[in-house]
Number of protein chains: 2
Amino acid sequence: MMRIGQLAQIAGIDTQTIRFYEKQGLLPLPDRQQNGYRIYNEKHGERLAFIRRCRILDLSLTEIRELQRYQDDPHQPCTAVNAMLDEHISHVQSQIIALQTLEKHLVSLRACCNDDREIEACGVLAGISEGNMYSQ
Amino acid sequence: MMRIGQLAQIAGIDTQTIRFYEKQGLLPLPDRQQNGYRIYNEKHGERLAFIRRCRILDLSLTEIRELQRYQDDPHQPCTAVNAMLDEHISHVQSQIIALQTLEKHLVSLRACCNDDREIEACGVLAGISEGNMYSQ
DNA sequence: ATTGACCTTATAGTGACTATATAGTTTTAA
DNA sequence: TTAAAACTATATAGTCACTATAAGGTCAAT
């Protein structure tokens with residue numbers, strides 16, 4: 001039995017974030033003291049830890065809600081869970097490829113200028129302005 | 001001389017986005033017809049193309065504003081432009097590394113389950129719930 | 001009695017758009 | 001000529017996952 005501040009400290013997050021997750025339907029409504037303070041138990045702590053670990057995996061709050069629904073129905077087959085993860089992995093891989101392309105692009109742009117010029121002659125600005133940005 | 005729709009078509013973006021850039025101070029205020037319609041010239045088109053190319057490089061609107069200020073002062077040295085790009089490259093590289101770590105993490109989690117289980121026994125959900133997420 | 005630490009709710013801000021609502025204007029077709 | 005379609009205008013809200021701020025209530029210790 002603890003109040004929001006203690007739960008926040010244990011979970012390593014802000015009290016605001018806990019209230020936010022509650023409002024988002026990710027955390028079950030806690031009991032309240034007579035003064036209105038929220039009271040949490042260990043179940044809340046576990047639920048919060050699950051949410052946090054999902055967030056570390058960069059799952060969206062919607063995906064987390066979906067995972068929680070699966071957990072509440074433990075005799076379903078878990079294909080949907082695996083499918084979600086597969087799709088998430090694809091998404092992350094796409095992001096990586098996009099960023100690697102961007103990086104190449106930026107590095108080759110950077111190579112167009114040393115630091116000893118005036119703005120007017122800056123190869124970087126010229127490179128952006130001229131717009132042959134997809135010509136490798 | 002063209003109206004916003006034509007400029008949008010040429011630039012390949014939405015009219016809303018043009019008005020948004022104007023409000024953000026990225027596009028100079030265009031003249032207006034008697035009916036209030038905005039009128040653009042080629043300079044606006046070039047400016048918009050510059051903005052778009054910067055966005056393709058994933059530069060923020062703030063960074064673009066900064067680049068525009070440099071362009072307006074063409075006899076400054078261009079060290080700041082290059083520094084901005086260097087920092088942006090570092091930022092992109094950090095993102096790539098973070099995503100690659102995440103991908104490894106997700107792939108190893110995915111390997112904890114085949115598709116033929118019940119939710120209760122799902123290795124993926126267990127992997128998230130158990131929380132030994134940083135033990136490689 | 002008051003300070004400080006904690007708790008409450010409600011609201012606004014972040015970034016870069018995107019969508020919606022409402023209304024006025026111009027162009028095209030019947 | 002009139003009515004519909006296509007364009008323009010402004011203002012406001014929504015996206016995502018928080019984060020910050022405001023304004024106030026509660027509690028323990030000094």
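Each chain gets a letter, A, B and so on, in the order the sequences are listed, and its residues count up from 1.
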Criterion side chain to side chain contact (heavy atoms under 4.5 Å, CB included) against Ile119(B), the qualifying member of Asp73(A), Asp72(A), Val81(A):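 The residue from Asp73(A), Asp72(A), Val81(A) that satisfies side chain to side chain contact (heavy atoms under 4.5 Å, CB included) with Ile119(B) turns out to be Val81(A).
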
For atom [atom1] of [X] and atom [atom2] of [N], their distance in whole Å:
X	N	atom1	atom2	value
Gln34(A)	dT26(D)	CD	C1'	12 Å
Asp31(A)	dT8(C)	CG	P	13 Å
Gln24(A)	dA17(D)	CD	P	8 Å
Leu29(A)	dT9(C)	CG	P	11 Å
His91(A)	dC16(D)	NE2	P	12 Å
Gln33(B)	dT27(C)	CD	C1'	13 Å
Ile4(A)	dC6(C)	CD1	C1'	11 Å
Lys23(A)	dC16(D)	NZ	C1'	15 Å

Flag, side chain of Asp31(A) to backbone of Arg38(A), donor-acceptor distance under 3.5 Å: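 No, the answer is negative, given that no donor and acceptor are paired below the 3.5 Å cut-off.
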
Expected output: side-chain Arg65(A) to main-chain Gln24(A) donor-acceptor under 3.5 Å: yes

Criterion side-chain hydrogen bond (donor to acceptor under 3.5 Å, both in side chains) against Tyr21(A), the qualifying member of Arg55(A), Arg47(A), Arg52(A): Arg52(A)

Does a side-chain N or O from [X] land closer than 4.0 Å to OP1 or OP2 of [N], or not?
X	N	result
Asn35(B)	dT8(D)	no
Tyr37(A)	dC27(D)	no
Arg55(B)	dC17(C)	yes
Tyr21(B)	dC17(C)	yes
Arg38(A)	dT9(C)	yes

Using a cutoff of under 3.5 Å, can you pull out all pairs of nitrogen or oxygen atoms linking the protein to nucleotides 18-20 of chain C, with atom names and distances?
residue: dA19(C); atom: N7; partner: Gln16(B); partner atom: NE2; Å: 3.2
residue: dT20(C); atom: O4; partner: Gln16(B); partner atom: NE2; Å: 2.9

Separation between SG of Cys122(A) and CD of Gln71(B), rounded to the nearest 0.5 Å: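 One gets 9.5 Å once the value is rounded to the nearest 0.5 Å.
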
Sugar-phosphate, base or nothing in reach of Arg65(B), heavy atoms under 4.0 Å: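 If one applies the 4.0 Å heavy-atom cut-off, Arg65(B) turns out to touch nothing in the nucleic acid.
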
Touch class at under 4.0 angstrom, heavy-atom based, for Arg3(B) against every strand present: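 The residue Arg3(B) makes sugar-phosphate contact but no base contact.
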
Ser60(A) side-chain proximity, nearest of dA16(C), dA17(D), dT9(C): dA17(D)

Beyond-backbone contact of Ile39(A) with Met2(A), side-chain heavy atoms, under 4.5 angstrom: no

Sidechain N-carboxylate O distance under 4.0 Å for Asp58(B), Arg53(B):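 Looking at Arg53(B) together with Asp58(B), the answer is no, because their closest N to O distance does not fall below 4.0 Å.
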
